[in-house]
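Values reported hereafter were calculated over all heavy atoms of this structure, with side chains retained and with hydrogens, waters and symmetry mates removed.
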Amino acid sequence: MEKGVIYYFFYKQYQPALNEYLKAYEYSRNIKDDFLKYRIIYLLGVVKSYLGYYDDALKLFNESSEHFQSLINADIHPNLIYNNRKGYYNSLHQQIICYRQLKDYSKSDSLIQLGLASIPSSGEYNLETAYFHKCLGISDFRKKRYQEAIDNLMLALPEIKKIEDFTWTSVIYFYIGQSYEKMDKEALAVPYFIKVDSIFQKEKFIIPELRSNYESLINYYNKIKHPEKELYYTKQLLDADNIINKDFQYISNKIHKEYDTNALLEKQKHLESKNSVGQISLIIAIALILGLLVTIVYRNRKERTVQRKYESLEKKIVENEKLLATSYSVKENKIEVPEIIINDILQKLDDFEKRREFRKKGLTQQELAKKFNTNTTYLSQVINEYKGKKFNSYINELRIQYITHQLYHDHKLLDYTIEALAKKCGITSRQNFSELFQEINGIRPADFIRKRKIEMKRSSK
């Protein structure tokens, strides 16, 4: 358990921390030390809460809180009373976090007041008091009492910094910065946002709640026209996203596979002697749950990949539209073809693209050369050199760029079949169209259409 605490609290290494907690959980079933048992339950709740499973975590914290509170006034050694009181206040703090994340603000606010009212003023619980003031500051921020939020957060900061709890130190800096920002005091807000980034640089750690810290910095430096800083914090946001996706996705899968599954297996043993049919059903249920979790993880990863590809293509569409808006200009002669012929072919290719004549089915190089009053050799050399590709690739890319642009801007086309879209841009078959679309755009047409529909639905609200 203590190894897990070191991994989790000091190094933010969640995989080894979770491994140690799970080992501790196994051993605790066969001991009579209730304090140790409930401390392990509390620590598992902390991991659950960190990963966002607030309902599950809350059950664990309710259990540990009730146990520790029952012993505060018991006839036991003062050291045990002290330890149980600590356990109670820590459980209370975590309950507040869960209720806040679940948007049950009346419950979280009442527990904050309970904690502050019941905690002794002896100085032995300064850290626990600081955590309650931190929660109160965040509550004040939610209620738009920004100066009160700053005061309570500042009150909490020294004790939390003293134990080098950089997680909650980052959160405090963030909400102080947010409070100043809401008060239109950006000059005071930005240094606190930068402090969050400093911790991120040093520890390579961030939680999802702090992600908008970088959005505030990016917006600020965009507003004051400081592109270097804006670029830097954009890169930092990308790094932060990578870490968030890596840490949260892996540990989320792990805690559900190892902790929840082991709990089910423990119940399976209990039922084993009573009902063999129930045993088989339980095994099947566990297998189905694990299979479902694997499927969900796979689909989430796939969906994130599709989203990245869609955003990349969307950026490409915008950039291509800017290029299309530029006028035709004479090119430098790079091949052994008379310059007057090169410029004539390039001008005709430019007109050909603007009139979208590439949509004609079965268009051949010979047919286009005849239309341009030139030969296939000259036409092929000009396309190879100045368009950077062979004739067929050139025509196919024009067709895919055209239909992609149409899909992006004309929502009616989003309801067309793949065959109809292929026909509209001059491609002969559905399969050929899908393969070319994915090869050129990096995303399947069906995925692009689906993501575009979602985006248009959001923008219409």
Side-chain angles (χ1 to χ4, degrees), residues 12 137-138 141-142 144 146-147 149-150 153-154 157 161 166-249 301 303-326 404-405 408-409 441-443 448 451-452 454-456 458-461:
K12 303 304 178 186
I138 295 174
F141 174 81
R142 175 179 54 79
K144 301 181 180 180
Y146 301 122
Q147 188 56 58
I150 293 169
L153 292 166
M154 288 290 195
L157 187 59
K161 285 180 68 177
F166 56 79
T167 303
W168 288 118
T169 300
S170 294
V171 170
I172 289 173
Y173 286 150
F174 170 69
Y175 278 104
I176 292 174
Q178 287 276 296
S179 297
Y180 278 128
E181 186 177 62
K182 295 294 185 182
M183 296 165 70
D184 294 324
K185 297 180 179 181
E186 285 186 321
L188 295 175
V190 169
Y192 284 97
F193 294 143
I194 293 174
K195 286 176 184 286
V196 176
D197 177 61
S198 297
I199 292 174
F200 173 61
Q201 288 183 63
K202 179 182 178 183
E203 306 295 344
K204 288 302 174 188
F205 165 81
I206 193 166
I207 58 175
E209 188 171 1
L210 303 181
R211 188 183 183 280
S212 62
N213 183 79
Y214 287 103
E215 293 174 352
S216 294
L217 285 169
I218 291 166
N219 292 335
Y220 172 75
Y221 285 111
N222 174 267
K223 187 168 73 173
I224 67 171
K225 302 188 185 308
H226 197 320
E228 293 83 5
K229 288 286 188 180
E230 184 181 356
L231 176 61
Y232 168 76
Y233 287 115
T234 299
K235 291 179 178 178
Q236 288 295 89
L237 177 55
L238 291 172
D239 288 344
D241 279 341
N242 286 334
I243 289 175
I244 289 170
N245 291 336
K246 177 185 174 184
D247 284 352
F248 282 77
Q249 180 178 330
R301 287 179 179 176
E303 187 63 18
R304 282 195 294 272
T305 301
V306 170
Q307 181 64 31
R308 286 196 299 269
K309 289 180 178 179
Y310 173 81
E311 291 172 356
S312 175
L313 178 55
E314 186 177 34
K315 182 179 178 182
K316 181 181 174 183
I317 292 170
V318 174
E319 290 174 350
N320 284 342
E321 287 176 352
K322 291 179 181 178
L323 290 174
L324 289 172
T326 60
T404 304
H405 177 275
Y408 186 77
H409 290 286
N441 288 331
I443 186 174
F448 177 78
K451 299 300 289 187
R452 185 62 182 152
I454 293 171
E455 186 173 288
M456 293 194 72
R458 287 174 180 167
S459 62
S460 66
K461 289 184 178 179

Practice problem: Could you label the plane-to-plane angle of the Phe166 and Phe205 rings as parallel, tilted or perpendicular, counting under 30° as parallel and over 60° as perpendicular? | Solution: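 Plane angle over 60°, so perpendicular.
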Quiz item: Has the side chain of Ser312 got a donor or acceptor atom that lies under 3.5 Å from a matching backbone atom of Arg308?
Solution: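 Checking the backbone N and O of Arg308 against the side chain of Ser312, no donor-acceptor pair under 3.5 Å is found.
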Self-check item: Residues in salt bridge (charged side-chain N to carboxylate O under 4.0 Å, His left out) contact with Glu209, at least two apart in sequence or another chain
Solution: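 Glu209 satisfies salt bridge (charged side-chain N to carboxylate O under 4.0 Å, His left out) with Arg100 once adjacent residues are dropped.
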Exercise. Output all residues satisfying salt bridge (charged side-chain N to carboxylate O under 4.0 Å, His left out) with Lys195, sequence neighbours left out; order by chain, then residue number.
Key: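 Scan of Lys195 (salt bridge (charged side-chain N to carboxylate O under 4.0 Å, His left out), adjacent residues dropped) gives none.
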Practice problem: Would you mind checking if Glu455 and Arg452 are paired as a salt bridge, meaning a charged N to carboxylate O distance below 4.0 Å? | Solution: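 Result for this pair is yes, salt bridge flagged.
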If you look at every heavy atom in [X] and [Y], which pair is closest and at what distance?
| X | Y | result |
| --- | --- | --- |
| Lys309 | Gly442 | CD-O, 2.7 Å |
| Ser170 | Val196 | O-CG2, 3.5 Å |
| Phe448 | Ile443 | N-CD1, 3.9 Å |
| Leu210 | Val171 | CD2-CA, 3.9 Å |
| Ala189 | Gly177 | CB-O, 3.2 Å |

Quiz prompt | side chain to side chain contact (heavy atoms under 4.5 Å, CB included) partners of Lys229, counting only residues at least two apart | solution =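 Lys229 satisfies side chain to side chain contact (heavy atoms under 4.5 Å, CB included) with Tyr221, His226, Tyr233 once adjacent residues are dropped.
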Quiz prompt | Residue pair Phe193 / Phe174, side-chain heavy-atom distance below 4.5 Å | solution =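 Yes, at least one pair of side-chain atoms sits under 4.5 Å.
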Quiz prompt | Gap separating the CG atom of Leu237 from the OH atom of Tyr214, nearest 0.5 angstrom | solution =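 OH of Tyr214 is found 8.5 Å from CG of Leu237.
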Self-check item: Short side-chain donor-acceptor distance under 3.5 Å, Gln201 and Asp197
Solution: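 Note: Asp197 and Gln201 side chains meet the donor-acceptor criterion.
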Practice problem: May I ask you to establish whether Lys204 and Phe200 are in a cation-pi arrangement, using a distance under 6.0 Å from NZ or CZ to the six-membered ring centre and at most 45° from the ring axis? | Solution: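 Here Lys204 passes the 6.0 Å and 45° test against Phe200.
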Quiz item: Can you check side-chain contact (heavy atoms from CB on, under 4.5 Å) on Leu153 and Leu157, steps first, answer last?
Solution: CA-CA 6 Å; Leu153 292 166; Leu157 187 59; over 6 Å; no
